[in-house]
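Right, one structure below, let's go through it.
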Amino acid sequence: MTCAEARDRFSDAVDDLMSPSERADLEAHLAGCSDCRRDFDRFAATVSLMHSVQPVRAPVGFVDRVLNATIPRPWYRRFLERVFLPFPVKLPVEAAAIVLVAVGVVYLFQATSELQQAARVETTPVTPPSITTPATPGPSTPASATAPVPAPVPAPSAIHDVSPAPTQRSATMPEEAQPDAYAKASNAAAPSTKAATEVPAPAKPAAPAAGQKRMSLGVAEERAMRAADEPKAFAAPAPPAAAEAPKVAAPRSAIELSRRDMFKSTPSGDSADAVRRERAKEAPPAVAQTERALRLTARVADVSALLEVTDWAAARHMLASLAARHGGAELAERTEKDAAVVELVVPRAAYQAFLRDVASIGRFQVERQPTDLPESVLVSIRLAPRP
Amino acid sequence: MTAFQHRVFGVAVRMLGARADAEDAAQEVFVRVHRGLAGFRGDAKMSTWLYAITSRVCLTRLASGERRIERDSEDVLARMPSGHPDPAARLERQELEAALHRAIDELSEERRIVVVLRDLEGLSYEEIAEALELEMGTVRSRLHRARSELRDKLEKLLP
């Protein structure tokens with residue numbers, strides 16, 4: 001047996017896996033080779049050392065921990081542990097993520113004008129449909145005046161340019177129709193017997209015919225016919241159909257102000273209309289008569305004013321309340337791109353008090369006001385956001 | 001589990017070095033045993049089956065690097081009661097065992113598991129071959145080389 005062969009059998013010799021003859025050969029070689037003998041002794045000592053090492057014992061409570069680990073935990077505990085553990089690491093990261101998302105949302109909201117517009121619309125009460133021209137409740141309203149509003153709404157100033165001042169009217173009216181029509185329109189309380197006798201009573205069946213007829217007329221003739229209608233409304237007791245028209249109360253929208261709605265007997269049953277009906281009932285007969293006359297007139301506003309407020313909806317409501325308090329009424333509302341226009345009628349006697357009350361709502365400025373106010377002052381107030 | 005906890009933990013701590021790692025590994029072993037107990041065929045000894053799972057878990061952790069960097073000092077392992085009444089002899093013995101654990105820790109993983117199972121846990125060659133799914137010759141050669149390497153490393157400390 002060589003030294004290499006002998007060294008290869010050390011492990012078998014230590015573990016006593018050799019046959020007696022193999023063991024005898026190894027012993028014979030070790031007896032004659034001191035190097036192999038020394039190596040074998042150290043080899044056996046190493047193995048003996050390992051065999052004598054004390055076994056390691058599991059820590060106290062190990063079994064309990066293992067048993068706890070084998071018991072399935074509820075899903076919510078596992079979820080919470082996965083989300084929040086370890087606290088020192090995950091909580092700051094999650095807090096930072098929440099702050100980051102919040103900042104991102106605010107930035108996105110501020111950077112996107114559509115979102116701001118949507119949020120504003122959601123917080124604002126529903127606005128009535130807009131109209132492009134002042135309310136024209138009379139049956140003589142041309143179809144173009146009551147048609148749905150196209151996108152580019154004419155500016156109020158364009159309407160007010162046709163001011164009641166005679167000098168301005170002369171530029172927009174044919175000469176032959178202007179004096180008579182304007183005199184009749186401005187003096188609504190004085191009945192024009194000529195017009196009243198020429199035009200039949202505005203009974204319901206007659207209205208479409210009159211409207212069709214006026215569709216083909218020019219502006220001057222149309223105004224003349226409107227003026228003819230006004231005294232009729234004041235002079236004689238209204239026929240049943242016409243008497244119902246004022247009860248429609250303050251117009252809710254352009255549709256309400258349209259010819260068809262004016263002659264419909266039953267208004268919608270929403271609460272706003274109920275309030276307006278009550279207001280119309282409570283109004284003095286003279287004011288109600290005046291209001292009815294104004295509704296039947298395509299009259300431009302006598303006074304134009306600007307009111308800068310922060311809350312449009314509240315301002316509209318307050319304007320309507322003030323008008324009612326001073327014996328007037330709200331006639332129409334319409335929205336434009338950056339403003340809302342509210343048209344109201346106020347008795348001349350209460351006009352100054354009304355202006356004072358309106359000035360308490362917001363920053364108020366009268367833009368145009370004639371020196372000679374009519375009996376019933378038609379006030380157009382443009383609501384603008386307060387800077 | 002109570003009967004085998006020390007053996008499983010012993011193999012784990014010899015293989016992984018850190019007691020915390022060993023406890024995690026031993027816990028994983030028993031969880032696997034708990035789940036796979038119904039599939040235990042019984043044609044092998046329960047201890048062999050446990051050692052097989054323990055060896056697999058430890059080798060997997062070592063291969064994946066899923067272990068703590070710091071290792072418990074070999075002195076901690078060697079400070080376990082050695083049974084020597086003489087303090088000087090006990091101190092010498094502790095130093096020797098600490099050197100032994102360092103040397104075992106320096107072995108390659110495939111040699112270390114064989115030495116641990118054979119010389120520290122007392123498994124037979126056949127049980128080792130079955131637990132590690134190795135040929136007998138492979139077990140013998142790995143064991144012989146591991147012992148020879150340990151002998152060379154402990155040469156100065158051995159008498």
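Residue numbers begin at 1 in each chain, while the letters A, B, ... track the order of the sequences.
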ask   = If you round to the nearest 0.5 Å, how far is CD of B/E155 from CZ of A/R42?
value = 4.0 Å
ask   = Out of curiosity, B/L96 CG to A/T46 OG1, how far, rounded to the nearest 0.5 Å?
value = 8.5 Å
ask   = Counting heavy atoms not belonging to B/E92, are there more than 12 under 6.0 Å from its CD?
value = no
key: Residue part contacting chain A, namely of B/A26, when any heavy atom lies under 4.5 Å   = both
task = Supply the atom-to-atom distance B/R147 CZ to A/D15 CG, rounded to the nearest 0.5 angstrom.
result = 4.0 Å
query = What distance do B/R145 atom CZ and A/S11 atom OG have between them, rounded to the nearest 0.5 Å?
reply = 11.5 Å
request  = Count the heavy atoms of every other residue, nucleotide or ligand shown that sit under 6.0 Å from CZ of A/F109, and state whether that count exceeds 12.
outcome  = yes
query = Are the side chain of B/H144 and the backbone N or O of A/R7 linked by a donor-acceptor pair below 3.5 Å?
reply = yes
request  = Would you give the length of the straight line joining atom CZ of B/R118 to atom NE2 of A/H51, rounded to the nearest 0.5 angstrom?
outcome  = 5.5 Å
inquiry  = Report which part of B/L100 has an atom under 4.5 Å of a heavy atom belonging to chain A: side chain, backbone, both, or neither.
reply    = side chain
inquiry  = Can you tell me which portion of B/V115 sits under 4.5 Å from chain A's heavy atoms? Options are side chain, backbone, both or neither.
reply    = side chain
request  = Check each atom of B/S141 against the heavy atoms of chain A and say whether the ones under 4.5 Å are side chain, backbone, both or neither.
outcome  = neither
query = Roughly how far apart are A/M50 CE and B/H101 NE2, rounded to 0.5 Å?
reply = 11.0 Å
query = Taking the side chain as C-beta and beyond, is there a heavy-atom pair between A/L49 and B/R93 under 4.5 Å?
reply = yes
note = What one should report as the nearest heavy-atom pair of A/A58 and B/H6 is N-ND1, 2.8 Å
